[in-house]
Participant: 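Quick one: the structure is below, and I'll ask about it shortly.
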Amino acid sequence: MRAAATRRRPAGRLAAADLFEFDQDHYGGIEAVDVLARHAGVRRRSRVLDVCAGLGGPARFLAAGRGCRVVGVELHGGRAAAAARLTRDVGLAAQVVVVRGDALALPFRAHAFDVCLSQEGLLHIADKPAALAECRRVLMPGGRLAFTDWIAYARLADGEHEQLRRWMAATTLQSLDSYRALLGRAGFGSVDAHDITHEWRPVLRARLERHRAGRADIVARFGAQWADEYDRLFGFFVGLVEAGKLGGGRFSGTA
Ligand SMILES: C[S@@+](CC[C@H](N)C(=O)[O-])C[C@H]1O[C@@H](n2cnc3c(N)ncnc32)[C@H](O)[C@@H]1O
């Protein structure tokens, strides 16, 4: 998939693949997008919605590699605007549109999409039943939702839940089973739920180690206070994953 996306580079111009190292705001990079897209059955003719689209990285990866059209919805105005600019810069504006909008009130008519994807976005949304209901509303009957998100294990203490909410805007974290139940209640069938903590753990550990190895440079650019704060927050998060209290899940279901 990386090769297919790279081949589309017009001479002398920035290509989508030039950004993939920087514009994927989830764990596992473009490989994780590829796996999710396979779970959802994304094809060239699929109309794809990316909920909580961030800077539009996953949307551009899919459009460049699979040739499909992707609409992204992103709550943060600055991120939505940056996504539009980056998409223009790499020449994908005909295939990818990122609009500013709320996953809880998707600005689209019913049955407008064949596939709905989301990566590490739903953790920020307290009303998960409402978000899943919106995904179902905009999907064609038979359309597929696939997403990845953090999951909480039973051992995660109330105080840790609260710290995750305050420090990382992580709210109403679900378990594998409770997400499975929510998908069923939202009307999705053929529900799949997989624990992917083992895939995330090395990614998270490597990210923390990279941060610590690059401390001198980070302090020079952003100051010691910022470097220490990041270390404390991300270290806390990685510690929870290492302790088996927090992890990741990959989910899919048919509308
Ligand atoms: C961790 S980022 C993931 C971005 C993107 N999915 C990716 O993988 O590159 C989560 C994104 O969700 C967005 N978000 C949070 N709440 C949202 C909501 N209610 N509706 C739409 N986007 C939301 C945030 O602004 C943020 O850009």
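Order of listing sets the numbers, starting from 1, for every ligand and every atom in it. Note that these values count all heavy atoms, side chains included, but never hydrogens, waters or copies made by symmetry.
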Participant: Can you sort out which atoms of ligand 1 are near Asp102, meaning under 4.0 Å from one of its heavy atoms?
Facilitator: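 In order of numbering, the contacting atoms are 18 (C), 19 (N), 20 (N).
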Participant: Suppose I only count heavy atoms of Arg79 and a 4.0 Å limit; which atoms of ligand 1 are within that range?
Facilitator: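 Those atoms are 2 (S), 26 (C), 27 (O).
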Participant: With ring centroids as reference points, do Phe147 and Tyr179 lie under 6.0 angstrom apart?
Facilitator: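 Yes, close enough.
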Participant: Counting heavy atoms only, name the option from His76, Glu120, Glu74 that's nearest to atom 24 (C) of ligand 1.
Facilitator: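 Result: the heavy atom closest to atom 24 (C) of ligand 1 is in Glu74.
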Participant: Which bit of Pro58 is near ligand 1, meaning a heavy atom under 4.0 Å away: side chain, backbone, both or neither?
Facilitator: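 The answer is the side chain of Pro58.
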Participant: Can you list the atoms of ligand 1 that are under 4.0 Å from a heavy atom of Ile125?
Facilitator: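 By the 4.0 Å cutoff, the relevant atoms are 18 (C), 19 (N).
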Participant: Run the salt-bridge test on Asp195 and Arg250 with the 4.0 Å N-O cut-off and return the result as yes or no.
Facilitator: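 A salt bridge is absent here (no side-chain N lies under 4.0 Å from a carboxylate O).
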Participant: In terms of residue, atom name and distance, what is the protein heavy atom nearest to atom 15 (C) of ligand 1?
Facilitator: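 I find the closest protein heavy atom is His124 CB, 3.8 Å.
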Participant: Give me the nearest non-hydrogen protein atom to atom 20 (N) of ligand 1 as residue plus atom name, then the distance to 0.1 Å.
Facilitator: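 In this structure, atom 20 (N) of ligand 1 has Ala103 N, 2.9 Å as its nearest protein heavy atom.
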Participant: Can you find an N/O atom of Leu75 closer than 3.5 Å to an N/O atom of ligand 1?
Facilitator: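 Min N/O separation from ligand 1 is below 3.5 Å for Leu75.
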Participant: Does a side chain donor of either Ser175 or Asp177 reach within less than 3.5 Å of an acceptor in the other side chain?
Facilitator: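 No pair is found: no donor N or O on one side chain lies under 3.5 Å from an acceptor on the other.
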Participant: Can you report which non-hydrogen protein atom sits closest to atom 8 (O) of ligand 1, along with the distance?
Facilitator: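 Of the protein heavy atoms, His26 ND1, 2.6 Å lies nearest.
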Participant: Do Val99 and Val48 sit in one hydrophobic cluster, given that two such residues count as connected whenever their side-chain heavy atoms are within less than 4.5 Å of each other, even indirectly?
Facilitator: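 Different hydrophobic clusters.
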Participant: Is the His211 to Phe234 ring centre distance short of 6.0 Å?
Facilitator: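 Here the rings of Phe234 and His211 have centres that are no less than 6.0 Å from each other.
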Participant: Donor-acceptor pair, Arg137 side chain versus Phe108 backbone, under 3.5 Å?
Facilitator: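 Looks like yes, one N/O pair under 3.5 Å.
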Participant: Near Gly101, which atoms of ligand 1 are under 4.0 Å from a heavy atom of that residue?
Facilitator: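 Atoms satisfying the 4.0 Å criterion: 20 (N), 21 (C).
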Participant: At what distance is the nearest protein heavy atom to atom 2 (S) of ligand 1, and which residue and atom is it?
Facilitator: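 It is Asp25 OD2, 3.4 Å.
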Participant: Would Cys52 count as a polar contact of ligand 1, with the cut-off being nitrogen or oxygen pairs under 3.5 Å?
Facilitator: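 Yes, Cys52 has an N/O under 3.5 Å of an N/O on ligand 1.
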Participant: Is ligand 1 less than 4.0 angstrom away from at least one heavy atom of Ala53?
Facilitator: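 Contact check Ala53 vs ligand 1: positive.
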Participant: Taking a hydrophobic cluster as the set of Ile, Leu, Val, Met, Phe, Trp and Tyr residues connected by side-chain heavy atoms closer than 4.5 Å, whether directly or through intermediates, do Leu36 and Tyr27 fall within one such cluster?
Facilitator: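 The answer is no; the residues belong to distinct hydrophobic clusters.
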Participant: Ignoring hydrogens and angles, tell me if any N or O in the side chain of Lys128 forms a donor-acceptor pair with the backbone of Thr172 under 3.5 Å.
Facilitator: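 The answer is yes, because a donor-acceptor pair under 3.5 Å joins these two groups.
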Participant: Going by distance alone, is a donor N or O of one side chain under 3.5 Å from an acceptor N or O of the other, for Thr171 and Arg165?
Facilitator: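 No donor-acceptor contact under 3.5 Å links the two side chains.
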